[in-house]
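Note that ligands are numbered from 1 as they come in the structure, with each ligand's atoms numbered from 1 the same way. As a basis for the values below, the full set of heavy atoms in this structure was taken, side chains included, without hydrogen atoms, waters or symmetry mates. All of these numbers come straight from a predicted model, not from anything done at the bench. Just so you know, residue 1 is the first one in the sequence shown, and it goes up from there.
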Amino acid sequence: MNTSFDLNSLLRANIRGLVPYSSARDEFKGEGSVFLDANENAFGSPLDHAYNRYPDPLQKKVKVKLSEIKGVPAENIFLGNGSDEAIDILFRAFCNPGVDNVILVPPTYGMYEVSANINDVEVRKVNLTPDYQLDLDAIAGAIDGHTKLLFICSPNNPTGNSIRRQDIETILANFDGIVVIDEAYINFSKYKSFTYELAEFPNLVVLQTLSKAWGLAALRLGMAFASTDIIAVLNKIKPPYNINQATQDLVLEALNNVDAVNTWIKETVNERERLHKELSTLAQVAHITPSDANFILVKLEDPRGLYIFLTNEGIIVRDRSKIELCEGSLRITVGTPAENKTLLAAVRQFYK
Ligand SMILES: *Cc1c(COP(=O)(O)O)cnc(C)c1O
């Protein structure tokens with residue numbers, strides 16, 4: 001529980017007082033047959049679908065469906081044009097440029113820092129420990145009265161491991177800013193989501209996305225789960241029609257295919273464990289971080305040489321070897337069984 005958290009005092013003053021844009025769809029919500037309120041093309045659209053009409057600004061149908069799947073009430077869900085939009089809106093809601101700061105715990109997802117830089121917000125970096133867990137004492141030391149947000153990615157990108165739940169709860173209970181837990185890879189993890197703790201922690205924001213396990217990266221749909229008060233703030237700031245009609249339609253259809261997605265998740269996890277096992281047999285592989293995600297971080301001999309060799313074979317992985325605490329490592333996404341076989345053969349060929 002966190003009892004000293006005060007959302008209003010955390011918000012930027014201009015956001016607290018903001019009068020949001022009121023769209024035609026906001027001002028009239030009832031039934032009608034002749035819509036002459038939004039300057040749309042009344043004749044239709046060149047496509048089959050009714051794309052001539054503005055989409056639902058609050059994406060109610062999508063949220064109802066997501067609510068069933070996630071077990072989170074629709075009023076606790078915010079949808080963004082990718083999680084990246086939710087991240088940016090959190091900065092704009094809480095961080096006064098040039099005044100406030102946020103805590104990041106590298107090595108982690110790069111977008112938090114880019115978003116901070118775009119918004120001219122100071123980044124305080126507290127490295128993860130060598131086993132990629134939170135350094136709670138150092139985090140406590142970095143927080144001051146202007147610390148508004150703290151980002152934790154779990155399972156973490158690029159390391160793949162989950163952050164200890166007990167440590168995250170310690171921060172949630174003691175930090176009076178917003179704790180953002182990015183669960184982009186939660187579907188591949190054996191641990192349960194923090195969405196089940198929303199009632200307990202008013203300062204909690206959980207991010208998830210349809211870009212990874214759901215296989216919908218191109219549609220751009222990110223989710224933020226939080227208290228209704230925080231959701232109201234995010235909705236106030238977002239562009240009125242941030243999720244387009246095509247995405248809303250296609251996502252509604254995709255969400256009926258939970259079974260197919262769950263099958264892919266199982267297969268991905270099996271393949272991840274197989275890749276881990278096979279790569280560990282190589283003498284040139286020094287360490288593989290146990291992963292709860294759909295990729296593995298592998299520390300090995302001559303990472304740059306292997307990276308270039310693989311690229312020449314048409315196999316593209318991510319070179320993380322120059323990143324602090326990931327020295328000598330490549331990040332490899334789990335592919336189909338055939339792709340993983342191709343990768344393993346190429347790695348063996350390089351070290352032969
Ligand atoms: C891939 C990824 C995302 C996804 O962002 P979208 O904008 O939803 O595609 C978010 N967070 C992390 C840590 C990621 O790796």
Please collect all side-chain hydrogen bond (donor to acceptor under 3.5 Å, both in side chains) contacts where either partner lies in residues 129-138, sequence neighbours excluded, each pair once.
->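 Matches after skipping sequence neighbours: T129-D131.
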Is any NZ, NE, NH1 or NH2 atom of the basic residue among K63 and E68 found under 4.0 Å from an Asp or Glu carboxylate oxygen of the other?
->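 Salt bridge absent between K63 and E68.
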Distance under 6.0 Å and angle within 45° of ring axis: R165 vs F194 | yes
Go through D167 and T170 one step at a time and tell me if the side-chain hydrogen bond (donor to acceptor under 3.5 Å, both in side chains) criterion holds.
-> CA-CA 5 Å; D167 291 351; T170 298; 5.1 Å; no
Does H146 NE2 have over 12 foreign heavy atoms under 6.0 Å away?
-> no
Using atom types as modelled and distance alone, determine if a side-chain donor or acceptor of K148 lies under 3.5 Å from a backbone N or O of D100.
->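 Between the backbone of D100 and the side chain of K148 there is no qualifying donor-acceptor contact (under 3.5 Å).
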Please produce the table of protein N or O atoms sitting under 3.5 Å from N or O atoms belonging to ligand 1, one pair a line, distance to 0.1 Å.
residue: ligand 1; atom: 5 (O); partner: S83; partner atom: OG; Å: 3.4
residue: ligand 1; atom: 7 (O); partner: S83; partner atom: N; Å: 3.0
residue: ligand 1; atom: 7 (O); partner: D84; partner atom: N; Å: 3.2
residue: ligand 1; atom: 7 (O); partner: R220; partner atom: NH2; Å: 2.7
residue: ligand 1; atom: 8 (O); partner: S83; partner atom: N; Å: 2.7
residue: ligand 1; atom: 8 (O); partner: S83; partner atom: OG; Å: 2.7
residue: ligand 1; atom: 8 (O); partner: T209; partner atom: OG1; Å: 2.7
residue: ligand 1; atom: 9 (O); partner: S211; partner atom: OG; Å: 2.7
residue: ligand 1; atom: 9 (O); partner: R220; partner atom: NH1; Å: 2.8
residue: ligand 1; atom: 9 (O); partner: R220; partner atom: NH2; Å: 3.4
residue: ligand 1; atom: 11 (N); partner: D182; partner atom: OD1; Å: 3.3
residue: ligand 1; atom: 11 (N); partner: D182; partner atom: OD2; Å: 2.7
residue: ligand 1; atom: 15 (O); partner: N157; partner atom: ND2; Å: 2.9
residue: ligand 1; atom: 15 (O); partner: Y185; partner atom: OH; Å: 2.7
residue: ligand 1; atom: 15 (O); partner: K212; partner atom: NZ; Å: 3.2

